[in-house]
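Working notes for the structure below.
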Amino acid sequence: QKLKEMWDQAPTEPALAGKKIRLPGFVIPLERNKEEQVLEFLLVPYFGACIHTPPPPANQIVLVQPAKPLQGFRSMDTVWVRGTLRVARTGSPMGTSGYRLEAALIDRYVTPTK
């Protein structure tokens, strides 16, 4: 319990607020509509995060609200998210996020070419 409390309060980086970012990660769906489209999800840094306890620290989790509902995405799918980062701590049953991306653009992850 003490570790969870410490990780939920992990410090965020204020200098990131308002920055345009592109970030890879894994999808943890939080909200779906009746068509099973993802309306909101947590972006986590490694496979299995939030499914197994404890979740990563809050400063490693981003709450993502896509610009449009996501069709065909499942838990642990790998994506790129793009948008303007906000510093905002939000609790959920799967973990506490330290950042938020609203109206984010989402792409399936493709390994960058060298």
Side-chain angles (χ1 to χ4, degrees):
Q1 183 61 33
K2 185 173 181 172
L3 178 63
K4 181 185 179 325
E5 290 172 11
M6 288 174 53
W7 283 20
D8 286 352
Q9 295 304 315
T12 53
E13 177 52 60
L16 295 174
K19 298 284 185 186
K20 301 268 189 215
I21 63 149
R22 180 175 182 243
L23 188 68
F26 296 89
V27 172
I28 303 292
L30 292 179
E31 185 180 351
R32 294 180 184 267
N33 62 16
K34 62 183 178 180
E35 290 84 26
E36 288 300 306
Q37 296 169 315
V38 177
L39 303 176
E40 184 175 73
F41 66 91
L42 296 179
L43 184 74
V44 296
Y46 55 86
F47 187 86
C50 296
I51 301 301
H52 307 290
T53 55
N59 60 5
Q60 295 180 21
I61 301 176
V62 179
L63 175 65
V64 180
Q65 297 170 318
K68 59 182 182 178
L70 302 179
Q71 183 68 45
F73 284 82
R74 299 172 307 180
S75 186
M76 289 297 139
D77 278 351
T78 315
V79 296
W80 285 102
V81 298
R82 291 180 286 141
T84 303
L85 195 64
R86 307 279 180 236
V87 176
R89 200 168 300 272
T90 306
S92 79
M94 293 296 203
T96 299
S97 59
Y99 301 96
R100 176 187 305 252
L101 275 179
E102 298 170 352
L105 301 174
I106 316 300
D107 298 305
R108 292 202 181 271
Y109 182 88
V110 176
T111 303
T113 58
K114 294 184 179 185

*Given the rule in the side-chain contact (heavy atoms from CB on, under 4.5 Å) test, do Leu70 and Gln37 qualify, once you have shown the distances and angles that lead to the verdict?*
CA-CA 5 Å; Leu70 302 179; Gln37 296 169 315; 5.8 Å; no
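Leu16 and Val64 fall within a single hydrophobic cluster, where Ile, Leu, Val, Met, Phe, Trp and Tyr are joined by side-chain heavy atoms under 4.5 Å apart, directly or via other members. Residues Leu43 and Val87 share a hydrophobic cluster, clusters being chains of Ile/Leu/Val/Met/Phe/Trp/Tyr side chains in contact below 4.5 Å.
Contact of the Met76 side chain with the Ile28 side chain is registered, since non-hydrogen atoms from C-beta on lie closer than 4.5 Å. In this structure, the side chains of Val62 and Ser97 stay at 4.5 Å or more apart for every pair of heavy atoms. Within the 4.5 Å cutoff, the side chain of Val27 has no heavy atoms near those of the Ser75 side chain. Residues Leu30 and Leu63 form a side-chain contact, since some pair of their non-hydrogen atoms from C-beta on lies under 4.5 Å apart. At a threshold of 4.5 Å between non-hydrogen side-chain atoms, the residues Tyr99 and Leu23 do not count as touching.
Separating the OG1 atom in Thr78 from the CG atom in Asp107 is a distance of 13.0 Å, to the nearest 0.5 Å. Annotation: the span from Arg22 atom CZ to Leu105 atom CG amounts to 11.5 Å, rounded to 0.5 Å. The CD1 atom of Ile61 lies 6.0 Å from the CG atom of Leu42; values are rounded to the nearest 0.5 Å.
More than 12 heavy-atom neighbours from other residues, nucleotides or ligands sit within 6.0 angstrom of CZ on Arg108.
Within the 3.5 Å criterion, the main-chain N or O of Gln65 finds no donor-acceptor partner in the side chain of Arg100. Between the Asn59 side chain and the Gly98 main chain, no donor and acceptor come within less than 3.5 Å of each other.
Note: Phe26 and Phe47 have perpendicular aromatic rings, judged against thresholds of 30 and 60 degrees for the angle between ring planes.
A cation-pi arrangement is not found for Arg32 relative to Phe73, the charged atom failing to lie both closer than 6.0 Å to the ring centre and inside a 45° cone about the ring normal.
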